[in-house]
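Worksheet: one structure, shown below.
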Amino acid sequence: MAERKLIVKKRPQFRLPKVETETEEQDLKKVKAKALEEFADDKKKADDWLDKELEKNLKNQ
């Protein structure tokens, strides 16, 4: 008689869908970039305001 091979069925591994988890470093980089962008926007607005005020003062003189 031929020997029977023992077939071991493996259970499928249920995997959660890969959710891109952002590391703390990536989070900090995003926050830094956003803060720098906001700072640049605020500075530009302040510079524009200053230019307008200077123009007003020059016209009034």
Side-chain angles (χ1 to χ4, degrees):
M1 275 189 173
E3 292 183 24
R4 290 187 168 189
K5 292 184 180 178
L6 181 62
I7 299 174
V8 179
K9 292 185 177 179
K10 294 183 180 179
R11 292 184 180 176
Q13 292 180 349
F14 294 102
R15 296 183 184 174
L16 294 175
K18 288 187 179 180
V19 177
E20 292 185 26
T21 56
E22 296 180 358
T23 62
E24 185 177 347
E25 183 178 341
Q26 290 173 339
D27 289 341
L28 291 175
K29 285 181 182 178
K30 285 183 179 181
V31 169
K32 181 181 176 183
K34 186 175 181 181
L36 288 174
E37 183 179 324
E38 288 176 2
F39 176 74
D41 289 344
D42 290 344
K43 184 172 176 150
K44 184 178 178 183
K45 287 178 184 177
D47 290 343
D48 290 343
W49 178 82
L50 183 60
D51 289 340
K52 288 178 184 178
E53 290 296 316
L54 288 173
E55 287 178 21
K56 285 180 188 177
N57 289 337
L58 289 173
K59 287 180 183 177
N60 291 336
Q61 288 181 352

What is the distance from atom CG of Leu50 to atom CG of Leu54, rounded to the nearest 0.5 Å? 4.5 Å
Considering only distance and modelled atom types, tabulate donor-acceptor pairs under 3.5 Å from the side chains of residues 36-47, sequence neighbours left out.
none

A side-chain contact here means heavy atoms from C-beta on lying under 4.5 Å apart; do Lys29 and Gln26 qualify? no
Hits for salt bridge (charged side-chain N to carboxylate O under 4.0 Å, His left out) against Lys52, two or more places apart or cross-chain, chain-then-number order -> none
